[in-house]
Amino acid sequence: ILALRRLSDALADGDRVYAVIHGTGVASDGRASSLMSPQAAGQQLAVEAAWLASGLDPSRVGLIEAHGTATPLGDRTELETLHAVFGGADSGPRAGLGSIKSMIGHAMPAAGAAGLIKTALALHHRTLPPTLHVEDPNEAVARTRFRLITQAEPWESDGPRLAGVNAFGFGGINAHVVLGQAPGTSVGAVDPVLVTDATTPSGDPVLLLAGADADELSTQLAALTDAPAWVRNGRHDIL
């Protein structure tokens, strides 16, 4: 479920804002040879339209949630699009790249919504999320300014975090959304992330932390209102 509101209304009502939609773009490349044959030109139109609507610089992107069909033609075309819009490997800092499809399958129309939710949560938690099953990535990835994220890692940034979400559909319908971190969110700090489905060899839950100062991390842990009692009561180790 996605709840969309004007930012001013959400802030006025005290809503929790996971991310801000800065721009959207939709375009068609319907002149392809078949419903299943994407064309980079149409994809580029959608991505460029979204960033133009946002008024933001595409070079600031920190994460792309790819359409990621894992077909030879689909991946090659999408990587061509990313290269054309965001630049090559030597054009700026390497940004993250992944796709929710590696976790849940294609999911048809739901895939775009799932990717949007995933990216909003990535911005909210300031974490670059991993993608499964990319042991043998398309070689064209190396020519872009993106890198595949295979393990969760802190999303460090010198400025407000920005992300893009691709959804390229049947018959040449292409969509792209530009997302940014919620207002009032610290640029540099990274929140602790509670990993509830992982345990230590002794069976204790695992808390994944990102930070350098142990005292600061302990303060953050104590402030986690949704953390279990063993965390809030100080029964934890910081490694």
Side-chain angles (χ1 to χ4, degrees), residues 1-26 50-58 60-65 95-96 98 100 103-104 109-130 152-167 175-197 205-213 215-236 238:
I1 296 174
L2 289 162
L4 307 182
R5 299 196 70 189
R6 287 191 182 95
L7 180 59
S8 57
D9 293 340
L11 294 175
D13 289 347
D15 294 338
R16 178 183 293 176
V17 180
Y18 288 92
V20 176
I21 296 176
H22 289 288
T24 62
V26 178
W51 284 89
L52 182 62
S54 75
L56 299 169
D57 183 357
R60 291 175 48 201
V61 71
L63 174 67
I64 288 290
E65 169 65 15
I100 190 69
M103 318 293 185
I104 64 173
L116 188 64
I117 292 169
K118 170 190 169 185
T119 307
L121 289 172
L123 285 159
H124 178 69
H125 292 292
R126 288 164 279 180
T127 301
L128 293 172
E153 60 185 73
W155 186 345
E156 299 176 351
S157 177
D158 294 331
R161 295 170 182 83
L162 295 175
V165 181
N166 286 341
H176 184 82
V177 178
V178 179
L179 291 178
Q181 67 183 65
T185 305
S186 171
V187 170
V190 178
D191 288 336
V193 178
L194 186 62
V195 183
T196 56
D197 60 349
V206 171
L207 192 65
L208 174 65
L209 300 176
D213 188 289
D215 291 335
E216 175 61 24
L217 289 176
S218 294
T219 300
Q220 292 186 49
L221 283 171
L224 281 175
T225 58
D226 58 348
W230 64 270
V231 170
R232 287 183 275 107
N233 294 337
R235 298 195 303 275
H236 60 271
I238 295 177

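Both backbone and side-chain heavy atoms feed into the values below; hydrogens, waters and symmetry mates do not.
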Closest non-hydrogen atom pair, Val20 against Ala182: CG2-CA, 4.2 Å
Approximate separation, where rounding is to 0.5 Å, of Leu123 CG and Ser157 OG: 10.0 Å
Backbone of Pro129 reached by a side-chain donor or acceptor of Thr127 within 3.5 Å: no
Any Ile21 side-chain heavy atom under 4.5 Å of Leu179 side chain: yes
Rounded distance [0.5 Å steps], NE2 in His124 versus CZ in Arg161: 12.0 Å
Minimum-distance pair of heavy atoms, taken over all atoms of Val61 and Gly164: CG2-N, 4.0 Å
Backbone of Val165 reached by a side-chain donor or acceptor of His176 within 3.5 Å: yes
Pair Glu65-Ile117, side-chain contact (heavy atoms from CB on, under 4.5 Å): steps then yes or no: CA-CA 10 Å; Glu65 169 65 15; Ile117 292 169; over 6 Å; no
Distance, nearest 0.5 Å, that separates CG of Leu116 from CG of Asn166: 12.0 Å
Distance-minimising heavy-atom pair for Trp155 and Ala163: CH2-CB, 4.0 Å
Donor-acceptor under 3.5 Å (Arg60 side chain, Leu162 main chain): no
Closest heavy-atom pair and its distance - Gly25, Ala50: N-CB, 3.5 Å
Closest contact, heavy atoms only, Ile100 versus Ala111: CG2-O, 3.9 Å
